[in-house]
Amino acid sequence: MKKIVIRAGKERSLQRRHPWVFEGSVQRGSADSGETVRVESAEGQFLCWGAYSPQSIFRVRAWSFDEAQRIDAGFFAQRIEAALAVRARLPIASDGLRLIHAEADGLPGLIVDRYADTLVAQFLSAGAERWKSVIADLLLAATGLSKLYERSDAQVRELEGLAKQAGWLRGEGPTELTINEHQWQLTLDVAEGHKTGYYLDQRDNRKKFADAVRQFGCKSVLNCFSYTGGFSVAALAGGATEVISIDSSGPALARASAHVALNGFSPASHGAQDADVNASLRQFLKEGRRFDAIVLDPPKFAPTAAHAERAARAYKDINRLALMLLSKGGLLFTFSCSGGIGPELFHKIVAGAGLDALVDGFIIDRVGAAPDHPQTICFPEGEYLKGLLILTR
Ligand code: SAH
């Protein structure tokens with residue numbers, strides 16, 4: 001077993017069970033891509049077993065902090081079983097759910113989503129890639145399913161020195177699927193959709209939105225960054241009569257319109273705009289349009305804290321415009337999925353937007369990702385999605 005020795009003083013985070021070893025923390029040692037290594041402190045004390053990644057700034061990602069643990073098929077079987085066992089106890093109102101959420105489930109670099117009878121996996125680190133075949137077989141055995149589609153085509157693969165890969169890894173079938181989320185039917189294409197096909201992390205927030213739209217009697221709703229219209233269907237289910245979805249992806253919008261019909265709502269109640277949200281918000285203001293509720297669920301503006309400042313300006317701008325577009329007593333459901341922007345900073349940004357827009361409001365809910373995208377105590381980086389539900393006054 002190859003040994004990686006950590007610089008003196010840099011062993012603290014591993015001792016606190018944080019799973020990353022940064023490039024600059026390695027004193028000596030190397031291994032092949034994805035190879036299991038033993039990580040030790042400068043004094044020779046065992047720290048963890050991990051996967052080596054020669055090109056990544058995350059030079060080692062920990063598999064286990066238990067010296068007696070062997071990193072073999074049995075180890076992966078245990079971790080997968082544990083992840084599934086937790087999901088079975090969580091309140092998940094859908095047959096679309098995240099089964100493995102990388103670090104939070106002790107499997108750095110591995111994302112596995114289940115959509116009805118089909119699994120979709122992303123192998124995003126050298127270590128996950130190395131164990132791909134073993135993991136694929138174990139996933140099928142643990143779930144009793146036979147179809148696994150691979151979507152290892154995320155940009156982060158490049159940082160690991162891995163080529164993008166997508167296609168059926170086990171079994172075969174349609175890539176076009178339907179899931180039942182709350183009382184809604186939603187479709188996705190695991191080959192063509194964003195990420196693994198759908199944004200499962202917003203599941204419970206879509207339900208919260210439907211409830212709030214009903215509670216506050218919102219009729220006109222603007223869903224910005226709508227993707228396939230999950231929040232639009234929720235708005236209609238909550239009693240909205242006029243919903244506009246805006247996204248820059250034509251195929252996503254076509255699916256949003258299809259979702260309206262699929263769930264029994266009148267096509268006349270929904271409009272799809274293939275446009276840049278920033279431009280649309282400004283245009284609506286110019287036209288004097290007002291909405292009873294607005295959703296802002298933009299893509300990650302700040303992938304890391306280094307981008308936080310520029311991202312903060314972008315978040316503030318759309319929030320300011322949205323607050324100005326709300327009718328009195330309207331609802332804003334605003335999100336950031338940037339790991340680099342913490343909940344406090346996000347609140348500050350929205351506060352700044354409110355000041356500029358001359359709009360104040362009550363925060364009636366603070367939300368995060370659905371519980372199948374868990375956060376763990378030892379890995380604060382796992383917190384990424386945060387949202388504020390605001391009732392303006
Ligand atoms: N709310 C969605 C998920 C949104 S993901 C859901 O519940 O499923 C972010 C979306 O923003 C993506 O669909 C992407 O196509 C879109 N997008 C990114 N930049 C945009 C822009 N400038 N204007 C409009 N849409 C944009």
Side-chain angles (χ1 to χ4, degrees), residues 93-94 96-98 113 115 154-155 177-179 181-182 184-190 192-210 212-213 221-238 243-260 262-263 270-284 293-303 307 310-311 313-319 321-322 325 331-339 367-370 372-373 384-389:
S94 178
L97 69 157
R98 176 146 299 184
D113 289 338
Y115 298 111
Q155 211 62 34
L177 303 169
T178 302
I179 57 169
E181 178 181 285
H182 309 295
W184 311 311
Q185 279 196 304
L186 296 153
T187 67
L188 62 133
D189 189 319
V190 297
E192 302 294 333
H194 295 179
K195 304 200 294 177
T196 65
Y198 186 65
Y199 292 88
L200 292 167
D201 52 358
Q202 289 284 29
R203 177 192 313 116
D204 293 357
N205 298 327
R206 289 187 272 261
K207 175 72 165 72
K208 283 195 162 157
F209 188 58
V213 163
V221 175
L222 181 61
N223 180 8
C224 299
F225 309 96
S226 67
Y227 190 50
T228 57
F231 280 105
S232 302
V233 169
L236 291 166
V243 178
I244 298 177
S245 301
I246 309 179
D247 203 279
S248 54
S249 158
L253 284 172
R255 205 175 275 281
S257 298
H259 284 157
V260 170
L262 181 64
N263 288 281
H270 179 252
Q273 279 195 11
D274 187 344
D276 171 32
V277 163
N278 302 276
S280 295
L281 292 177
R282 287 185 166 77
Q283 184 62 30
F284 286 136
I294 299 181
V295 177
L296 289 178
D297 185 20
K300 213 188 297 182
F301 288 161
H307 304 79
R310 193 159 44 111
R313 279 196 294 275
Y315 283 118
K316 183 176 167 187
D317 200 44
I318 54 171
N319 278 279
L321 294 167
L325 280 169
L331 272 183
L332 175 65
F333 210 177
T334 181
F335 297 93
S336 162
C337 61
S338 296
V367 302
D372 46 336
H373 300 60
Y384 68 104
L385 182 66
K386 60 234 117 224
L388 297 172
L389 181 59

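Whatever order the structure lists them in is the order used to number ligands and atoms, beginning at 1.
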Could you give the N/O to N/O pairs under 3.5 Å linking ligand 1 and the protein, each with its distance?
unit_1: ligand 1; atom_1: 1 (N); unit_2: F225; atom_2: O; d: 3.2
unit_1: ligand 1; atom_1: 1 (N); unit_2: D297; atom_2: OD2; d: 2.6
unit_1: ligand 1; atom_1: 7 (O); unit_2: R206; atom_2: NH1; d: 2.6
unit_1: ligand 1; atom_1: 8 (O); unit_2: R206; atom_2: NH1; d: 3.4
unit_1: ligand 1; atom_1: 13 (O); unit_2: D247; atom_2: OD1; d: 3.3
unit_1: ligand 1; atom_1: 13 (O); unit_2: D247; atom_2: OD2; d: 2.7
unit_1: ligand 1; atom_1: 15 (O); unit_2: D247; atom_2: OD1; d: 2.6
unit_1: ligand 1; atom_1: 17 (N); unit_2: S248; atom_2: OG; d: 3.4
unit_1: ligand 1; atom_1: 22 (N); unit_2: D276; atom_2: OD1; d: 2.8
unit_1: ligand 1; atom_1: 23 (N); unit_2: V277; atom_2: N; d: 3.0
unit_1: ligand 1; atom_1: 25 (N); unit_2: S248; atom_2: N; d: 3.1
unit_1: ligand 1; atom_1: 25 (N); unit_2: S248; atom_2: OG; d: 3.3

F231 ring center within less than 6.0 Å of F335 ring center | yes
For K195, look at atom NZ and say whether over 12 heavy atoms of other residues, nucleotides or ligands are found less than 6.0 Å away.
-> yes
State, without any angle test, whether D113 and Y198 hold a side-chain donor-acceptor pair at a distance under 3.5 Å.
-> no
Does one side chain, of T196 or Y115, offer a donor that lies under 3.5 Å from an acceptor on the other?
-> yes
Side chains of S232 and H259, donor plus acceptor under 3.5 Å = no
Would you say the side-chain atoms of N263 pair up with the backbone N or O of Q185, donor to acceptor, closer than 3.5 Å?
-> yes
